[in-house]
Amino acid sequence: MSPSFTPARTRGFLRAAAAALALSSVLLTTGCGSSDETDGDGKATAAAPAGFPVTVDNCGVRTTYDEPPSRVVTIHQHPAELMLALGLKDRMVGTAFPDSAVLPELKKDYEAIPELAEREPSFETVLDAEPDFVYGGYGSAFDEKEGRSREAFADAGIDTYLNREYCGKKKVTMRDTYDEIRTIGTVFGVPDRADRLVTDLRSRVGKATAAVEGESQVPVFVYDSGDKSAFTAGGKSLGTELIRLAGGENVFADLDDVFGDVSWEQVVERKPEVIAVYDYAGAGSVEEKKKYLLSQPALADVPAVRNKRFVVLPLTATLVGIRSAYAVEDLARGLHPESFR
C-alpha cells in the first residue's frame, strides 16, 4: 500500500488563485513625520512616526500606512517566522497553519503567540483577535470562497498583505525573499532590522555556494507528494534556485510552473542522483515517503533510490521567507558532503 499523500495543491500551494495579480510590493512614498501638522479646522494633529506615512503596492492592493501595524495575525508559518526574525513578537496576536517544526531560535517566541487554527482560520476567528493587519503566506489565506477575501478584511477596517510568491510573478528567486523582508521591515518601521537580516541571510547563502564552487552539478528530483504520479517542483519554483545555489540541478527545471505532476517514467528517465523530500504536515511523514520510494520496483535503478540519497527540507524552507537561506546550506551538504568535511 502506498501512503496517503495530500498534494500541496489542495492547501493552496499553487499560485493559480493569484496568477492575475501584479507584483510590486514596492515602497512608493514616505514622509519624514518630524513635526506636528494641523487638520482642516486648524487643530493640531499628532506627528506621524519617523518614516511614515508609507504606501505599498502588494499584489495589486495599494495600502497607505500612517503608522506601523500593532496587532498582527499571520496565516501560515513562514510569515510568522519572518515577523519573529525581525523582532516583532510584540505586534503578533495570532498565528495559524503551522507547516513544520519552527526554527529552534524562534520556537519559544512562536509558541507564546496564540494559535488560532491548525489550518486557515475562519474570517470570524481572525476578527475575534482584533487585528489591524493580516499577513498571509499562501494565496489560500485570502480565499474569497471561504469569506476571507482581502476586500472583506478591508471592509472590516483591517489591512492585509500577501506573500509576494502568490502575486502571480512568473518565477520566484532569492531576491524575492530579500525584497519581502525589506518590505515588511518598512511597513513595520524597522528597516534597519530588515537590512541586518538580509545581510545575515546573504552571508549564509554565500558561504554555502562558496563551499561547493567548482563542483559538478548533481541531478536532483524534488518529491513533494503523490503515488500514481509525482508532485514536484518546476522551473518557476524557488526550490529550483535553491538547488542551483547548492550545486545541483532540478531534473524538472523544464516544467513551466511552480509545481506540477510528472510521471514516474519521467523520473526514471532523468536519473536523479539525489531526491529532495519536502516535509510538511498532512502529506505523509518523511519516513513514509522514503519507504514508498524505496519500495517501488520501477524506481529500483534510479541512482538516488539505489544509493538511498535523500535530503529532507521543511516545506517552509522552500518558500519566500527566512528559511530559504538555511535550505541552501542543507542542500549543499546533502549534494556535496565532501565539501563540508
Side-chain angles (χ1 to χ4, degrees), residues 6 8 10-13 49 58-59 61 63 65 67-166 180-181 183-190 193-194 197 279-283 314-317 319-323 326:
T6 303
T10 62
R11 51 180 176 70
F13 191 59
N58 166 243
C59 300
V61 176
T63 305
Y65 301 91
E67 59 185 6
S70 60
R71 294 183 59 83
V72 181
V73 166
T74 57
I75 302 178
H76 304 116
Q77 185 175 330
H78 48 302
E81 289 189 333
L82 195 158
M83 292 279 294
L84 292 174
L86 287 173
L88 297 171
K89 172 190 171 185
D90 61 330
R91 317 280 185 92
M92 299 174 69
V93 297
T95 66
F97 208 151
D99 268 319
S100 49
V102 178
L103 277 175
E105 58 265 38
L106 302 177
K107 187 172 186 291
K108 183 177 178 180
D109 285 345
Y110 186 88
E111 291 177 348
I113 301 165
E115 183 178 301
L116 305 184
E118 292 183 359
R119 297 179 69 85
E120 290 93 350
S122 68
F123 182 70
E124 292 75 16
T125 298
V126 176
L127 292 188
D128 286 344
E130 300 182 349
D132 57 5
F133 184 90
V134 178
Y135 183 6
Y138 306 126
S140 57
F142 302 116
D143 189 337
E144 184 175 355
K145 294 180 180 178
E146 296 294 329
R148 290 190 307 272
S149 69
R150 298 185 74 174
E151 292 80 3
F153 281 114
D155 290 343
I158 300 169
D159 293 324
T160 56
Y161 186 95
L162 178 60
N163 185 292
R164 68 186 56 219
E165 188 167 357
Y166 285 80
E180 179 87 353
I181 292 168
T183 299
I184 295 298
T186 298
V187 169
F188 284 87
V190 291
R193 296 183 200 174
L197 180 56
D279 180 22
Y280 59 95
L315 178 65
T316 47
L319 306 171
V320 170
I322 64 168
R323 300 284 285 272
Y326 292 72

Peer 1: For residues P314 and S100, report the shortest heavy-atom separation together with the two atoms involved.
Peer 2: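 Scanning both residues completely, I find the closest heavy atoms to be CB-OG, 3.5 Å.
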Peer 1: If only atom types and distance count, is the side chain of R91 paired as donor or acceptor with the main-chain N or O of P69 below 3.5 Å?
Peer 2: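 At least one qualifying donor-acceptor pair exists.
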Peer 1: Measure across T125 and S122 and return the closest heavy-atom pair with its distance rounded to 0.1 Å.
Peer 2: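 Closest pair (atom of T125, atom of S122, distance): OG1-OG, 2.8 Å.
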Peer 1: With no hydrogens and no angle check, is any side-chain donor or acceptor of N163 less than 3.5 Å from a backbone partner on V320?
Peer 2: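 Judged by distance alone, yes, a pair lies under 3.5 Å.
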Peer 1: What heavy-atom pair brings G136 and P79 nearest, and what distance separates the two atoms?
Peer 2: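 Minimum heavy-atom contact is C-CG, 3.9 Å.
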Peer 1: Is any side-chain heavy atom of L116 less than 4.5 Å from a side-chain heavy atom of D128?
Peer 2: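 A side-chain contact under 4.5 Å is absent here.
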Peer 1: Does the side-chain contact (heavy atoms from CB on, under 4.5 Å) test come out yes or no for L84 and L103, once each step is laid out?
Peer 2: CA-CA 10 Å; L84 292 174; L103 277 175; over 6 Å; no
Peer 1: Measuring from T160:OG1 to I75:CD1, what's the distance to the nearest 0.5 Å?
Peer 2: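 It is 10.0 Å, given to the nearest 0.5 Å.
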Peer 1: Locate the shortest heavy-atom distance separating A117 from P98; write the atom from each residue and the value.
Peer 2: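 So the minimum-distance heavy-atom pair works out to O-CD, 4.3 Å.
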Peer 1: Taking all non-hydrogen atoms of both residues, which atom of G137 and which atom of A141 are closest, and how far apart?
Peer 2: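 Closest approach of G137 to A141: N-CB, 4.3 Å.
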Peer 1: Answer yes or no: is there a side-chain heavy-atom contact under 4.5 Å between V190 and L88?
Peer 2: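 Yes, side chains in contact.
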Peer 1: In Å and rounded to the nearest 0.5 Å, what is the CG to CG distance from L315 to D99?
Peer 2: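 Output value for this atom pair is 5.0 Å.
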Peer 1: Rounded to the nearest 0.5 Å, what separates atom CD in E180 from atom CG in L162?
Peer 2: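 Here the interatomic distance stands at 8.5 Å.
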Peer 1: Taking it one step at a time, do T63 and N58 satisfy side-chain contact (heavy atoms from CB on, under 4.5 Å)?
Peer 2: CA-CA 8 Å; T63 305; N58 166 243; over 6 Å; no
Peer 1: Locate the shortest heavy-atom distance separating G147 from A152; write the atom from each residue and the value.
Peer 2: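 Looking at all heavy atoms of both residues, the closest pair is O-CB, 3.9 Å.
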Peer 1: With a 6.0 Å cut-off on ring centres, are Y166 and F142 close enough?
Peer 2: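 For Y166 and F142, the ring centres are not under 6.0 Å apart.
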Peer 1: Could you check if a side-chain atom of F188 sits within less than 4.5 angstrom of a side-chain atom of L86, using non-hydrogen atoms only?
Peer 2: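 Side chain of F188 against side chain of L86, heavy atoms only: no contact under 4.5 Å found.
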Peer 1: I'd like to know whether the aromatic ring centres of F123 and F153 sit less than 6.0 Å apart in this structure.
Peer 2: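 Yes, ring centres under 6.0 Å apart.
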Peer 1: side-chain contact (heavy atoms from CB on, under 4.5 Å) between E146 and E120: does it pass, once the steps are laid out?
Peer 2: CA-CA 10 Å; E146 296 294 329; E120 290 93 350; over 6 Å; no
Peer 1: Calculate, to the nearest 0.5 Å, the distance between atoms CG and CD belonging to D109 and E81 respectively.
Peer 2: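 Answer for the CG-CD pair, D109 versus E81, is 11.5 Å.
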Peer 1: Quick one: does D132's side chain have a donor or acceptor within less than 3.5 Å of a partner on S70's backbone?
Peer 2: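 Side chain of D132 to backbone of S70: a pair is present.
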Peer 1: Counting only heavy atoms not in E144, do more than 12 fall under 6.0 Å of its CD?
Peer 2: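 It does not: E144 CD has 12 such atoms or fewer within range.
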Peer 1: Working to the nearest 0.5 Å, report the span between OH of Y280 and CD of Q77.
Peer 2: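 Between atom OH of Y280 and atom CD of Q77 there are 14.0 Å.
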Peer 1: Are the side chain of R150 and the backbone of V61 linked by a donor-acceptor contact shorter than 3.5 Å?
Peer 2: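 No.
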Peer 1: Tell me whether the rings of F97 and Y138 are parallel (<30°), tilted (30 to 60°) or perpendicular (>60°).
Peer 2: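 It falls in the perpendicular class, over 60°.
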Peer 1: To the nearest 0.5 Å, how far apart are SG in C59 and CD in E165?
Peer 2: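 The CD atom of E165 is 11.0 Å from SG of C59, to the nearest 0.5 Å.
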Peer 1: Determine yes or no for a side-chain-to-main-chain donor-acceptor pair under 3.5 angstrom, with R71 supplying the side chain and A129 the backbone.
Peer 2: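 Confirmed, R71 side chain pairs with A129 backbone.
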Peer 1: Please evaluate residues I322 and L106 with respect to the criterion side-chain contact (heavy atoms from CB on, under 4.5 Å), reporting the C-alpha separation (whole Å), side-chain torsions for both, the decisive distance (0.1 Å), and the verdict.
Peer 2: CA-CA 11 Å; I322 64 168; L106 302 177; 3.8 Å; yes
